[in-house]
Asks: 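Starting off with a structure, shown below.
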Amino acid sequence: MNNQITNVYIWDMDETLILLKSLLNGSYAEAFAGLKDAQKGVEIGKMWEKHILQISDDFFFYEQIENCNKPFLEALSKYDDGQDLSDYDFNQDGFSPPHDDLNKRKLAYRHRLIANKYKQGLHNILDPEMMDLWDALYKMTDEYTDGWLSSARALLEQCLAGNEDPTICNTVAGGVVRSNATGSRHINVLVTSGSLIPSLVKCLLFRLDNLISHENVYSSWDVGKLQCLQWIKERFDNRNTRFCAIGDGWEECEAAQTMNWPFIKVDLRPNSSHRFPGLTLRTVGFYFSIVYGNPDSENDDD
């Protein structure tokens with residue numbers, strides 16, 4: 001379909017799809033003017049920090065590659081020779097910061113294994129006891145934040161469906177969804193200022209991994225948000241592609257403005273509609289239409 005519209009949603013992570021920093025520093029509770037127990041928020045945030053770091057170190061090589069942050073997992077794919085890694089000893093291969101091609105290949109091997117683990121999901125990594133702890137923490141956090149996590153996740157599903165009923169869609173390769181209702185394609189992309197490996201782990205822990213594929217997770221830690229947006233435009237752009245950025249920070253706002261893309265600023269305050277729960281697919285569509293117009297307007301007489 002030559003006229004098929006592709007909508008690309010570029011999400012920030014912290015204080016947008018998830019809450020962590022605002023729990024740890026008490027700013028989330030402050031917005032409720034005494035109605036939230038700030039200390040409980042801090043304790044929840046510390047538990048998340050512990051989980052994220054432990055899983056990053058234990059299963060995703062973070063201790064080894066913390067100082068080798070890349071903006072996305074495929075960044076070194078040209079160095080990966082496809083070697084079978086089933087019997088590869090990652091603790092004895094002499095990996096050190098990737099200043100030469102050999103160490104870049106060793107880092108590319110780690111990235112490949114990380115991508116595979118991401119695709120398999122946490123249930124293939126954690127034991128039942130850890131799964132129960134994680135499940136309980138997710139539920140506790142969602143209750144404390146009045147459904148922030150679950151409603152953010154629901155909006156991601158709706159965006160992929162292109163419809164407020166996320167069941168009306170077909171998932172296709174690469175985390176892209178084709179909507180049966182509109183004939184359009186919808187893609188969720190994450191651009192986070194955090195380093196790559198903990199950000200991928202956050203996606204897993206906060207139940208976003210089936211809504212954002214590993215190749216659509218970008219870390220702006222070293223390169224900045226504007227560079228990430230430019231890469232995303234190069235990947236997905238054609239004359240019928242529309243982009244929208246959603247986040248809480250000035251950097252993604254400025255980057256979106258530079259790209260002439262709509263930007264939705266997420267606001268923690270409880271009376272805001274630009275938060276979770278609150279932000280809706282209808283509102284996202286309104287921002288798209290301001291910049292791109294209504295793609296259905298030419299068919300209004302049909």
Side-chain angles (χ1 to χ4, degrees), residues 8-28 31 41 45-46 48-53 55-57 60-63 65-76 111 114 118 141 145 148-149 152-153 155-156 175 187-209 211-236 243-259 261-268 274-276 279:
V8 182
Y9 310 88
I10 298 106
W11 301 90
D12 179 43
M13 178 172 279
D14 287 308
E15 317 321 310
T16 299
L17 291 176
I18 71 169
L19 297 175
L20 185 56
K21 292 174 186 173
S22 62
L23 298 180
L24 288 164
N25 65 23
S27 59
Y28 177 79
K46 286 180 177 177
W48 276 116
E49 274 196 323
K50 180 183 174 184
H51 270 306
I52 292 161
L53 188 58
I55 292 170
S56 296
D57 284 343
F60 291 89
F61 305 112
Y62 188 52
E63 199 169 353
I65 66 178
E66 181 177 0
N67 296 320
C68 307
N69 186 63
K70 294 296 172 186
F72 48 92
L73 278 182
E74 305 296 317
L76 294 176
H111 282 181
I114 288 166
Y118 187 96
T141 310
T145 60
W148 188 291
L149 302 183
R153 195 179 184 285
L155 182 58
L156 282 178
I187 305 164
N188 283 324
V189 180
L190 186 75
V191 177
T192 173
S193 55
S195 55
L196 182 63
I197 304 311
S199 298
L200 289 160
V201 170
K202 285 180 186 178
C203 283
L204 288 161
L205 284 169
F206 286 94
R207 304 181 180 178
L208 305 173
D209 50 303
L211 301 170
I212 304 171
S213 59
H214 67 83
E215 62 266 39
N216 288 349
V217 176
Y218 290 79
S219 165
S220 66
W221 180 278
D222 298 300
V223 299
K225 297 241 167 145
L226 180 58
Q227 174 64 79
C228 291
L229 298 198
Q230 289 168 338
W231 283 330
I232 291 163
K233 180 177 171 61
E234 288 169 13
R235 271 185 70 193
F236 296 111
F243 300 88
C244 183
I246 306 103
D248 73 302
W250 64 268
E251 190 186 3
E252 54 261 33
C253 177
E254 287 188 355
Q257 288 175 342
T258 300
M259 302 296 287
W261 294 351
F263 176 73
I264 301 174
K265 182 168 174 54
V266 173
D267 184 351
L268 283 176
H274 287 51
R275 70 188 303 278
F276 295 108
L279 187 60

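All figures in this text were calculated on a predicted structure; none of them were measured in a lab.
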Asks: So which heavy atom on His214 is nearest to which on Glu74, and how close?
Replies: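 So the minimum-distance heavy-atom pair works out to CE1-OE2, 3.7 Å.
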Asks: With no hydrogens and no angle check, is any side-chain donor or acceptor of Ser220 less than 3.5 Å from a backbone partner on Thr192?
Replies: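 Flag set: sc Ser220 to bb Thr192 pair under 3.5 Å.
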Asks: First locate atom OH of Tyr62, then atom CG of Leu53, and finally report the distance between them rounded to the nearest 0.5 Å.
Replies: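 CG of Leu53 is found 7.5 Å from OH of Tyr62.
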Asks: State, yes or no, whether a side-chain contact exists between Leu24 and Lys46 at a heavy-atom distance under 4.5 Å.
Replies: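 Result yes, sub-4.5 Å side-chain heavy-atom pair found.
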Asks: Roughly how far, to the nearest 0.5 Å, is the NZ atom of Lys265 from the OG1 atom of Thr16?
Replies: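 These two atoms lie 8.5 Å from each other.
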Asks: Within the 4.5 Å heavy-atom criterion, are Trp221 and Leu196 side-chain neighbours or not?
Replies: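 Result no, sub-4.5 Å side-chain heavy-atom pair not found.
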Asks: Report the C-alpha distance between Leu226 and Met259 in whole Å, list the side-chain angles of each, state the deciding distance to 0.1 Å, and finish with yes or no for side-chain contact (heavy atoms from CB on, under 4.5 Å).
Replies: CA-CA 8 Å; Leu226 180 58; Met259 302 296 287; 3.8 Å; yes
Asks: With no hydrogens and no angle check, is any side-chain donor or acceptor of Asp57 less than 3.5 Å from a backbone partner on Glu63?
Replies: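 Yes.
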Asks: Let me see the working for Phe236 and Asn216 under side-chain contact (heavy atoms from CB on, under 4.5 Å), right down to the final yes or no.
Replies: CA-CA 11 Å; Phe236 296 111; Asn216 288 349; 3.8 Å; yes
Asks: Shortest non-hydrogen contact from Ser56 to Pro198?
Replies: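 Ser56 and Pro198 have their closest heavy atoms at OG-CA, 3.7 Å.
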Asks: About how many Å separate CD1 of Ile197 and OH of Tyr118, when rounded to the nearest 0.5 Å?
Replies: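 If I round to the nearest 0.5 Å, the distance is 11.5 Å.
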Asks: With distance as the sole test, does Ser219 use its side chain to make a donor-acceptor pair with the main-chain N or O of Gly194 at under 3.5 Å?
Replies: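 Yes, because the side chain of Ser219 sits within donor-acceptor range (under 3.5 Å) of the backbone of Gly194.
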Asks: Look up atom CD1 in Ile232 and atom CH2 in Trp261, then write down how far apart they are to the nearest 0.5 Å.
Replies: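 Spacing of CD1 (Ile232) from CH2 (Trp261) equals 6.0 Å.
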Asks: Using 0.5 Å steps for rounding, measure from the CG atom of Leu20 to the OG1 atom of Thr141.
Replies: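 Output value for this atom pair is 9.5 Å.
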Asks: When you look at CD of Glu49, are more than 12 heavy atoms from neighbouring residues, nucleotides or ligands closer to it than 6.0 Å?
Replies: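 Atom CD in Glu49 is packed in, count exceeds 12.
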Asks: Minimum heavy-atom separation for Tyr28 to Thr145, with atom names?
Replies: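 Closest heavy-atom pair between Tyr28 and Thr145: OH-CA, 3.1 Å.
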Asks: Could you work out, with salt bridge (Lys or Arg N to Asp or Glu O under 4.0 Å) as the rule, every residue matching Arg153, not counting sequence neighbours?
Replies: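 For Arg153, the residues satisfying salt bridge (Lys or Arg N to Asp or Glu O under 4.0 Å) (neighbours in sequence not counted) are Glu157.
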Asks: Should the pair Phe276 and Trp11 be assigned to parallel (<30°), tilted (30 to 60°) or perpendicular (>60°) ring geometry?
Replies: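 Aromatic pair Phe276/Trp11 classed tilted.
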Asks: Going by the side chain to side chain donor-acceptor pair (under 3.5 Å) test, name the single residue among Glu252, Gln230, Glu254, Glu251 that passes it with Lys225.
Replies: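 Testing Lys225 for a side chain to side chain donor-acceptor pair (under 3.5 Å) against Glu252, Gln230, Glu254, Glu251 leaves exactly one candidate, Glu252.
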Asks: Hey, could you give me the SG/CZ distance between Cys244 and Phe263, rounded to the nearest 0.5 Å?
Replies: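 Going from the SG atom of Cys244 to the CZ atom of Phe263 covers 9.0 Å.
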Asks: Take Leu205 and Ile52 through the side-chain contact (heavy atoms from CB on, under 4.5 Å) test and state the conclusion after the steps.
Replies: CA-CA 8 Å; Leu205 284 169; Ile52 292 161; 3.6 Å; yes
Asks: What pair of heavy atoms forms the shortest contact from Ser22 to Leu268, and how long is it?
Replies: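 Looks like CB-CD1, 3.8 Å.
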Asks: Any heavy-atom pair between the side chains of Leu17 and Phe206 that's under 4.5 Å?
Replies: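 Side chain of Phe206 against side chain of Leu17, heavy atoms only: no contact under 4.5 Å found.
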Asks: Do the non-hydrogen side-chain atoms of Val223 and Cys228 ever get within less than 4.5 Å of each other?
Replies: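 Contact flag for Val223/Cys228 side chains = yes.
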Asks: Looking at Trp231, I want to see if its CH2 is surrounded by more than 12 non-hydrogen atoms of other residues, nucleotides or ligands under 6.0 Å.
Replies: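 It does: Trp231 CH2 has more than 12 such atoms within range.
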Asks: Would you say Glu15's side chain and Lys21's backbone share a donor-acceptor pair under 3.5 angstrom?
Replies: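 At least one qualifying donor-acceptor pair exists.
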Asks: Which residues pass the salt bridge (Lys or Arg N to Asp or Glu O under 4.0 Å) test with Lys202, sequence neighbours left out?
Replies: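 Checked Lys202 against salt bridge (Lys or Arg N to Asp or Glu O under 4.0 Å); matches are Asp14.
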Asks: Under 4.5 Å between any side-chain heavy atoms of Tyr9 and Leu155, yes or no?
Replies: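 Counting from C-beta outward, Tyr9 and Leu155 never come under 4.5 Å.
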Asks: Give the C-alpha distance, both sets of side-chain angles, the deciding distance and a yes or no for side-chain contact (heavy atoms from CB on, under 4.5 Å) between Asn188 and Leu208.
Replies: CA-CA 10 Å; Asn188 283 324; Leu208 305 173; over 6 Å; no
